[in-house]
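Quantities reported herein were computed from a predicted structural model and do not represent experimental measurements. Numbered from 1 within each chain, the chains take letters A, B, ... in sequence-line order.
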Number of protein chains: 2
Amino acid sequence: MARTRTSSAETTGLRIREAALRLFARHGYAAVSMRQIAAEVGVQVGTLYLHTADKQALLCELMDAHLTDLLDALDKLPPAADPETALDQFTRFHIRFHAQRSDAVFISYMELRNLEPANFARVEALRRAYEQSLQKLLDWGRDEGRFDLPDTKLAAYALIAMLTGVTTWYREGGRLSLDRVEAIYGDMVRKSVGL
Amino acid sequence: MARTRTSSAETTGLRIREAALRLFARHGYAAVSMRQIAAEVGVQVGTLYLHTADKQALLCELMDAHLTDLLDALDKLPPAADPETALDQFTRFHIRFHAQRSDAVFISYMELRNLEPANFARVEALRRAYEQSLQKLLDWGRDEGRFDLPDTKLAAYALIAMLTGVTTWYREGGRLSLDRVEAIYGDMVRKSVGL
DNA sequence: GTCTATACCGCGATAGAC
DNA sequence: GTCTATCGCGGTATAGAC
């Protein structure tokens with residue numbers, strides 16, 4: 001018979017991760033103490049160590065989860081018939097996914113330098129895999145003669161930087177809806193590759 | 001008669017700022033201790049406080065200097081005859097200026113959250129002034145019917161994010177020269193505004 | 001202007017009671 | 001599984017000798 005209630009251990013662990021994510025994003029990993037995280041969750045410091053090995057593991061798990069989610073979600077996109085459609089789809093997917101997770105995005109790009117070397121290598125590999133999937137899309141379009149790009153690697157960097165930038169200013173309920181933002185950026189992206 | 005030698009106070013102050021810039025960029029403001037900065041410069045901790053009020057002032061001065069330099073340099077660009085030329089000029093200027101100061105760029109965008117409110121407001125105003133000068137350039141091009149842009153504010157955000165992204169991967173002596181990078185990005189920028 | 005020495009605090013992490 | 005209490009370290013900043 002399946003368990004129907006989550007144990008308090010599971011929810012405490014989850015709440016610790018949520019609090020850490022919010023605090024790390026707001027103040028930075030190094031600036032946040034384990035005491036602050038405990039206070040945010042409403043437990044004592046010692047309790048944190050029942051749910052995570054140490055502060056470093058907490059950071060690492062958050063980044064890992066974010067990037068794994070990102071790659072999984074990308075994999076689940078329906079296959080596109082042509083490069084133009086694939087690029088539009090990517091643009092909308094990237095903006096939506098990132099705008100809805102601005103805390104995780106922020107720490108995953110900004111706190112890389114606080115990862116120990118082994119953790120850094122693993123997280124960096126995930127990030128590179130994502131960049132390369134966009135680069136492959138651009139290669140496809142160029143090989144089919146649809147995109148006009150002298151260097152698809154640079155173009156991938158350029159487009160990801162441009163699209164991820166949305167997280168720095170977009171706020172729900174602001175001047176523009178997410179759908180409108182996706183349309184405007186989608187237009188610039190299409191034009192920038194020569195469509 | 002003018003002084004011909006700089007006092008040791010002046011050079012120590014300068015060296016402290018250089019060391020702080022490098023260390024803050026590498027490890028993050030919160031992760032760097034005043035002891036580390038002193039060691040990097042080769043003085044004792046107490047000496048730092050002869051040249052700066054406290055750690056916060058050190059960070060703030062670095063950001064202030066970077067953004068003031070940026071706006072000054074932008075002001076000194078020769079006037080452009082038309083929007084297309086102005087946009088090309090801006091692209092090259094932005095990439096070159098930022099690629100050559102990756103440490104200052106990094107802390108000026110990443111350590112904003114570590115500024116006390118009053119300092120944040122002043123630094124943020126400088127950053128906004130820079131963004132607005134690009135937006136005005138885009139408005140000009142759109143009003144002249146040369147650029148095809150539905151929202152120049154978003155376009156300015158998008159282009160700055162794209163161009164600043166160069167600092168995350170560009171290294172002198174790498175696969176591409178800075179001039180080539182400027183050309184490739186310049187091409188994407190032109191196309192993205194409809195040229 | 002710089003150094004030595006130090007005050008005082010908060011940090012990450014752990015031990016042991018419950 | 002959580003709390004209380006604590007260890008040992010390193011943090012920012014300052015005082016006073018030279």
- prompt: Under a 4.0 Å heavy-atom cut-off, which of residues 33-50 of chain B touch DNA chain C?
  reply: B:Val43, B:Gln44, B:Thr47, B:Leu50
message: Using a strict threshold of under 4.0 Å (side-chain N to carboxylate O), is an ion pair present between B:Arg15 and B:Glu18?
response: no
- request: Respond yes when some side-chain nitrogen or oxygen of B:His51 is under 4.0 Å from OP1 or OP2 of C:dT2, and no when none is.
  value: yes
d(NZ, A:Lys55; P, C:dG12) in whole Å: 5 Å
- request: May I ask you to decide if the ring planes of A:Phe97 and A:Phe93 are parallel, tilted or perpendicular, using 30° and 60° as cut-offs?
  value: tilted
message: Can you tell whether the side chains of A:Glu131 and A:Arg128 come within less than 4.0 Å, N to carboxylate O?
response: no
field: Interface with DNA chain D, restricted to residues 21-28 of chain B and to heavy atoms under 4.0 Å
entry: none
- prompt: Under the salt bridge (Lys or Arg N to Asp or Glu O under 4.0 Å) criterion, do B:Asp139 and B:Lys136 qualify, and how do the steps go?
  reply: CA-CA 5 Å; B:Asp139 283 336; B:Lys136 276 181 63 179; over 6 Å; no
- request: Ignoring backbone atoms, establish whether A:Thr12 has a side-chain N or O less than 4.0 Å from OP1 or OP2 of D:dT2.
  value: yes
message: Without decimals, in angstroms, what is the distance between A:Asn114 CG and C:dG12 P?
response: 12 Å
query: Taking the six-membered ring for Trp, are B:Tyr29 and B:Phe106 ring centroids under 6.0 Å apart?
result: no
- request: Answer whether the closest heavy-atom distance between the side chains of A:Lys191 and B:Leu195 falls below 4.5 Å.
  value: no
query: Between B:His66 and B:His98, how do the two ring planes meet: parallel, tilted or perpendicular, split at 30° and 60°?
result: perpendicular
task: Give the rounded distance in Å between these two atoms: CD of B:Glu116 and P of D:dT12.
output: 14 Å
message: How many whole angstroms separate atom CD of B:Gln56 from atom C1' of D:dG11?
response: 16 Å
query: Got a sec, which pairs hit salt bridge (charged side-chain N to carboxylate O under 4.0 Å, His left out) with one end in residues 22-34 of chain A, sequence neighbours left out?
result: A:Arg22-A:Glu40
